[in-house]
Amino acid sequence: MIRLASLLSLVPLLSPAVAAPQAPAWRFVEKGNSGIVGLESIVVSPTLAIFFDRATNDPLHTPDGKVAWGALWDMETNKATPLELISDSFCASGALLSNGTMVSVGGNIPAAEDFNQTGAVDGRMGLRLFEPCTNPAGTGCKIFEDLENLHLAETRWYTTSLRIFDGSLMIVGGIHEDTVFYNTDPVNSIEFFPKKDGGVPRPSAFLARTVPVNLFPRAFALPDGKVFILANNQSIIYDVETDTETILPDLPNGQRVSNPFDGTATMLPLSPPNFVPEILACGGSTKPDTTPVEELSSQDPATSQCARITLTPAGIAKGWQVEHMPQGRMMPEMILLPNGQVLITNGGLTGYAAVASIGVTSGNSNADHPVFTPILYTPSAAAGKRMTQEGLPTTNIPRMYHSTITLTPQGNLLLAGNNPNGNFTTLAPGEPGFSSELRVETLDPPFMQMVRPTMSNLPSKIAFNSKFTVSVTMPPGVSTSTMKVALMDLGFSSHAFHSSQRLVFMDAVLSKDKRSLTITSPPNNRVFPPGPGFIFLTVGETTSVGAHVMIGSGASPPVADQGVSL
Ligand SMILES: *[C@@H]1O[C@H](CO)[C@@H](O)[C@H](O)[C@H]1NC(C)=O
Ligand SMILES: *[C@@H]1O[C@H](CO)[C@@H](O)[C@H](O)[C@H]1NC(C)=O
Ligand SMILES: *[C@@H]1O[C@H](CO)[C@@H](O)[C@H](O)[C@H]1NC(C)=O
Ligand SMILES: *[C@@H]1O[C@H](CO)[C@@H](O)[C@H](O)[C@H]1NC(C)=O
């Protein structure tokens with residue numbers, strides 16, 4: 001069924017008011033109002049994303065008249081619908097499990113003065129479940145919380161969660177209580193959902209070594225099932241099965257990338273046959289982590305450094321290789337694109353993360369000078385030639401602290417949030433700092449205005465190490481020699497980090513008549529942790545809409561190894 005919104009979206013194209021057709025180009029497009037600050041975001045179905053915020057004084061209300069701090073965002077109608085939550089999801093993280101359920105993890109103690117309007121309770125042990133939602137508008141889809149019976153073992157604010165090889169979530173670090181700026185009350189442990197080890201958290205020497213700049217550790221499930229973790233300027237490979245860590249080189253030149261010195265990091269796309277993992281870490285600060293809070297300024301320059309490492313014995317021996325963004329960035333975010341490029345966006349030229357907590361602030365903001373133009377990074381290009389801002393558009397909406405971005409199933413990027421204030425705040429013109437932001441935008445790649453390839457007849461569930469055939473149409477006149485098929489986890493965006501974000505390229509053979517494509521799924525559940533994903537087909541400059549699939553058995557975690565080992 002074609003929904004009304006998609007018909008309406010054609011109207012501007014047909015309207016005589018549009019003088020001349022614009023050439024396909026990257027564009028920012030405003031897309032309505034999120035009702036709550038989109039501080040965290042995750043795509044949960046082909047048409048829906050969830051935004052989470054702090055339980056405080058957002059404009060959106062639930063049907064029973066309480067202030068909302070969660071919302072379903074309909075990407076077809078650009079409308080927010082309140083979600084009813086019990087506990088405060090402020091500065092939580094989250095991910096999808098192997099059975100498709102989304103889990104929001106950890107949170108904060110809500111301010112007492114907000115209780116009458118929100119009714120929110122302490123969310124630091126929160127586990128908020130959103131079961132797979134098949135209604136395109138989200139009707140009847142709800143968040144489930146049962147704090148008494150379903151909760152973390154430790155209180156965790158600013159914790160990272162990611163899906164691992166057995167389809168469960170690994171939950172790393174955090175802070176117990178609200179502290180001024182640095183992590184001075186750290187949760188130096190790892191736990192899992194569903195629980196492992198009888199629910200007893202595992203102490204982490206790595207987290208103990210990386211205080212006080214180790215909030216939201218940048219963690220990645222590697223294709224052998226181990227986990228790479230980067231916090232402050234240090235990195236390790238953590239073996240979940242033996243509970244051991246292998247120390248890797250520090251980031252060079254004093255670069256620090258986890259909260260509150262938020263740079264960002266991503267695992268670059270994995271390709272067959274060897275799926276060699278590479279990590280790219282960009283931005284943040286080179287300030288020593290011993291600098292007293294009073295000496296930090298919102299005007300301190302962020303670093304432009306990116307460091308990249310290949311996680312093979314030779315790559316680790318070579319260490320982090322340095323390159324530079326066109327400008328420094330505090331709180332950038334990196335998004336993998338289906339064609340294998342990386343979009344670096346958001347953040348500011350100066351300062352730090354967090355709210356009103358350092359020597360010199362800009363209003364309530366610890367950061368300043370928003371960067372309005374994204375960067376495209378091409379991993380396969382030669383060093384020094386990988387980054388460009390040419391052809392990328394400029395927005396006028398700052399996306400600093402408490403903002404998000406995610407790739408959507410439509411193939412464009414959804415941006416929301418920005419709120420370096422204690423609650424929902426609208427500043428008077430000329431007042432320093434940044435107002436709370438409700439405007440949603442998309443960043444549309446040029447192919448949104450071009451004829452795109454299509455895929456149909458996909459199986460809804462795909463086993464590891466299997467071949468499956470889909471029907472395709474190719475844009476006319478485009479060479480299919482550059483065809484790429486990407487399996488993606490779109491990840492969970494919180495605090496300049498896109499946890500669980502992943503791109504695995506799959507081998508694909510096009511039929512002679514170019515109408516069907518036979519694709520080989522990833523070899524096993526370590527290359528792509530079992531669970532939901534989107535498959536995108538890129539041909540030349542154009543990418544299809546993503547097809548929503550379940551990779552693996554779809555069983556509840558923990559699931560046994562599937563497929564073949566490499
Ligand atoms: C919350 O509501 C209670 C009961 O109506 C009232 O006594 C109290 O003053 C309210 N607190 C705030 C901060 O508004
Ligand atoms: C990383 O930071 C620590 C302090 O947190 C420092 O002792 C160490 O020298 C740094 N490493 C490098 C390579 O700069
Ligand atoms: C927002 O925060 C300010 C400063 O902490 C406080 O004075 C105000 O009451 C808060 N407003 C609401 C609606 O919670
Ligand atoms: C997925 O697994 C989790 C953890 O066991 C469970 O709470 C949830 O209900 C499951 N969802 C589905 C759809 O089976």
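Each ligand, and each atom within it, is numbered from 1 in the order the structure gives.
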In ligand 2, which numbered atoms sit nearer than 4.0 Å to a non-hydrogen atom of Asp289?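 Within the 4.0 Å cut-off of Asp289, ligand 2 contributes 4 (C), 5 (O).
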I'd like to check which ligand 2 atoms, numbered from 1 as shown, lie under 4.0 Å from a non-hydrogen atom of Asp250. 1 (C), 10 (C), 11 (N), 12 (C), 13 (C)
I need the atoms of ligand 4 closer than 4.0 Å to a non-hydrogen atom of Ser556, numbered in the order shown.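 Numbered from 1, ligand 4 contributes 1 (C), 2 (O), 10 (C), 14 (O).
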Per-atom contacts of ligand 4 with Pro557, taking only distances under 4.0 Å to non-hydrogen atoms: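 Those of ligand 4 that fall under 4.0 Å from Pro557 are 2 (O).
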Ring-face cation contact, Phe192 with Lys195, 6.0 Å cut, 45° max: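 So Lys195 doesn't make the cation-pi contact.
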Look only at interatomic distance and state if Asn233 has a nitrogen or oxygen under 3.5 Å from any nitrogen or oxygen of ligand 2.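 Yes.
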At what distance is the nearest protein heavy atom to atom 13 (C) of ligand 4, and which residue and atom is it?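 Closest protein heavy atom to atom 13 (C) of ligand 4: Glu131 OE1, 3.1 Å.
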Return the residue, atom name and 0.1 Å-rounded distance of the protein heavy atom closest to atom 5 (O) of ligand 4.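 Of every protein heavy atom, Pro194 CG, 4.0 Å lies nearest to atom 5 (O) of ligand 4.
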So, [X] and [Y]: side-chain donor and acceptor under 3.5 Å apart, yes or no?
X      : Y      : result
Gln501 : Thr266 : yes
Ser493 : Glu333 : yes
Thr286 : Arg256 : no
Thr312 : Thr310 : no

Can a non-hydrogen atom of Arg256 be found less than 4.0 Å from any atom of ligand 2?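 Checking ligand 2 against Arg256, which is what was asked, there is a heavy-atom contact under 4.0 Å.
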Nearest protein heavy atom under 4.0 Å from atom 11 (N) of ligand 2, yes or no: yes
Which residue from Val103, Leu129, Leu96, Asn99 reaches closest to atom 3 (C) of ligand 4 through any of its heavy atoms?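 Nearest option to atom 3 (C) of ligand 4, by heavy atoms: Asn99.
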With a 6.0 Å cut-off on the ring centroids, do Phe261 and Tyr352 count as close?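 Yes, they do, as the ring centres are separated by less than 6.0 Å.
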If you take the centroid of each ring, where Trp contributes its six-membered ring, are His402 and Phe90 closer together than 6.0 Å?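 Close enough - the centres of the two rings lie under 6.0 Å apart.
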Restricting to non-hydrogen atoms, name the atom on Phe464 and the atom on Gly563 that form the minimum distance, rounded to 0.1 Å. CB-CA, 3.9 Å
So, 4.0 Å and heavy atoms of Ser98: is ligand 4 close enough to count as a contact? no
